[in-house]
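The model shown is predicted, which means the values in this text are computed figures rather than measured ones. Proteins get letters first, then strands, A, B, ... in listed order; numbering begins at 1 in each.
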Protein chains: 2
Amino acid sequence: MNYEEAKNKFISTWGSLGSLWGINKAMAQIHALLLISPEPLSMEDIMEELHISRGNASMNLRQLMDWGIVFKENKIGERKEYFTSEKDVQELAKQIAKERSRRELQPTIKILNDVSNINEDGSDKTKELIKQTKALHEMAETLDIMMNKVVGQGNNWITKALVKLVK
Amino acid sequence: MNYEEAKNKFISTWGSLGSLWGINKAMAQIHALLLISPEPLSMEDIMEELHISRGNASMNLRQLMDWGIVFKENKIGERKEYFTSEKDVQELAKQIAKERSRRELQPTIKILNDVSNINEDGSDKTKELIKQTKALHEMAETLDIMMNKVVGQGNNWITKALVKLVK
DNA sequence: TTAAACTTTCAATGTTTTTTGAAAGTTTAA
DNA sequence: TTAAACTTTCAAAAAACATTGAAAGTTTAA
């Protein structure tokens with residue numbers, strides 16, 4: 001496999017993986033491209049490499065910046081904007097975990113909490129609803145703590161120790 | 001909030017969360033319904049509760065069984081098939097983690113491995129591609145271990161200890 | 001056997017999401 | 001100021017994905 005093949009394989013894999021994880025293909029592909037690019041790229045560069053339209057590039061770059069994993073960069077003496085991705089995968093994971101917690105997990109936790117606090121009326125179905133949503137609530141909170149405190153935090157020794165322990 | 005409201009809220013929340021996690025809405029809703037149902041339900045019951053067609057119910061039930069989180073059950077003397085979900089959320093998480101590892105993470109790890117092993121040709125871009133895919137490969141393997149060995153395994157004391165440690 | 005009771009399949013249809021591209025908007029240099 | 005260089009927005013088109021429902025398939029009781 002030569003460089004071009006490897007690059008394309010990586011970009012398209014990352015792209016289809018992205019959609020499984022709730023971000024769209026173009027967004028994931030732009031991210032993949034920036035991640036392996038030693039130099040910042042302009043919007044023009046990105047459109048060309050990935051064969052996507054200007055609008056598409058613009059919108060997805062914005063989303064990536066909202067996620068905090070892609071940044072604008074300005075070359076002195078140039079009007080054009082350039083983009084780079086967070087290159088440290090530890091930091092990348094931290095940022096992604098943090099955002100997914102905020103966008104998905106926390107709203108879910110709130111609803112699980114509301115639902116699990118309805119009035120116990122003695123019926124089987126109410127008991128089951130309360131029991132199961134309580135259990136999910138507890139699990140979601142554990143997961144939330146993991147995502148915010150364990151992933152990518154400076155205390156990465158925890159992960160290493162854990163992996164050694166269970167491997 | 002009464003039982004009906006709470007139930008509907010739970011089902012629709014679980015349904016839209018599902019699509020964020022890569023399974024479709026009907027599938028997630030069927031799962032939610034079975035999770036809080038004290039009795040096994042027939043396909044008819046499910047179609048009625050969720051207002052979905054027979055075909056839809058059939059296909060998504062099959063997928064849930066493929067994921068190993070929903071089971072067929074036969075009532076004696078009855079021809080009809082009934083369905084229940086895995087009720088233990090710990091076991092549920094284990095099963096989901098295992099399947100996602102198998103379906104998504106492991107194929108990705110393989111590709112990251114292939115890509116990170118291309119010939120180093122001395123160019124900056126090749127160096128960067130190798131460096132980044134190696135880092136992602138390592139991270140993906142750590143995550144894979146976590147998903148298969150830590151989540152839901154009998155050794156749940158690990159999770160508890162970890163949460164206490166970092167909370 | 002047969003036929004009733006049930007489940008599965010799949011082409012057609014409907015829905016949602018993504019993408020395009022051209023017009024509107026913004027910034028900067030002169 | 002103006003106009004060139006660039007970015008953003010958004011309605012319309014395309015693509016992807018989910019759902020329906022009727023026909024085909026399967027199982028079981030008699």
Q) DNA chain D in dot-bracket, Watson-Crick or G-U pairs under 3.5 Å, [ ] crossing, | other strand? A) ||||||||||||||||||||||||||||||
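- Considering only heavy atoms from C-beta on, A:Phe10 comes within 4.5 Å of B:Thr133 through its side chain.
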Q: Test side chain to side chain donor-acceptor pair (under 3.5 Å) on B:Glu81 and B:Ser42 and set out the steps.
A: CA-CA 6 Å; B:Glu81 292 175 323; B:Ser42 69; over 6 Å; no
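- Looking at A:Arg54 and A:Met47, their side chains come closer than 4.5 Å, going by heavy atoms from C-beta outward.
- Near DNA chain C, meaning a heavy atom under 4.0 Å from it, residues 61-80 of chain B has B:Arg62, B:Lys72, B:Arg79, B:Lys80 in order of number.
- Taking the nucleotide of DNA chain D with the nearest heavy atom to each of A:Ser19 and A:Glu81, the more 5' of the two is matched to A:Glu81.
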Taking only nitrogen or oxygen atoms into account, show me every contact under 3.5 Å that the protein makes with nucleotides 10-17 of chain C, one pair per line with its distance.
none

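- Map A:Ser58 and B:Ser53 each onto its nearest nucleotide of DNA chain D; the residue landing nearer the 5' end is A:Ser58.
- Contact of the A:Ile46 side chain with the A:Asn60 side chain is not registered, since no non-hydrogen atoms from C-beta on lie closer than 4.5 Å.
- Between A:Ser53 and A:Asn56, the side chains place no donor N or O within less than 3.5 Å of an acceptor N or O (distance only, hydrogens not considered).
- Within a 6.0 Å radius of CD in A:Glu138, no more than 12 heavy atoms belonging to other residues, nucleotides or ligands are found.
- Residues satisfying the salt bridge (charged side-chain N to carboxylate O under 4.0 Å, His left out) test with B:Arg102, not counting sequence neighbours, are B:Glu99.
- Donor-acceptor pairing under 3.5 Å is recorded for the side chains of A:Thr126 and A:Ser123.
- Residues A:Met43 and A:Ser58 form a side-chain contact, since some pair of their non-hydrogen atoms from C-beta on lies under 4.5 Å apart.
- A:Ser12 and A:Gln29 are not linked by any side-chain donor-acceptor pair at a separation below 3.5 angstrom, with hydrogens and angles left out of the test.
- Figure legend: cation-pi geometry between A:Arg62 and A:Trp67 absent, as NZ or CZ is not positioned both under 6.0 Å from the six-membered ring centre and within 45° of its axis.
- Residues A:Phe83 and A:Lys72 meet the side-chain proximity criterion, which asks for heavy atoms closer than 4.5 Å.
- For DNA chain D, the outermost nucleotides in 5' to 3' order that have an atom under 4.0 Å from a heavy atom of chain B are D:dA18 to D:dT28.
- Partners of B:Lys87 according to the side-chain hydrogen bond (donor to acceptor under 3.5 Å, both in side chains) rule, which considers only residues two or more places apart in sequence or in another chain, are A:Glu128.
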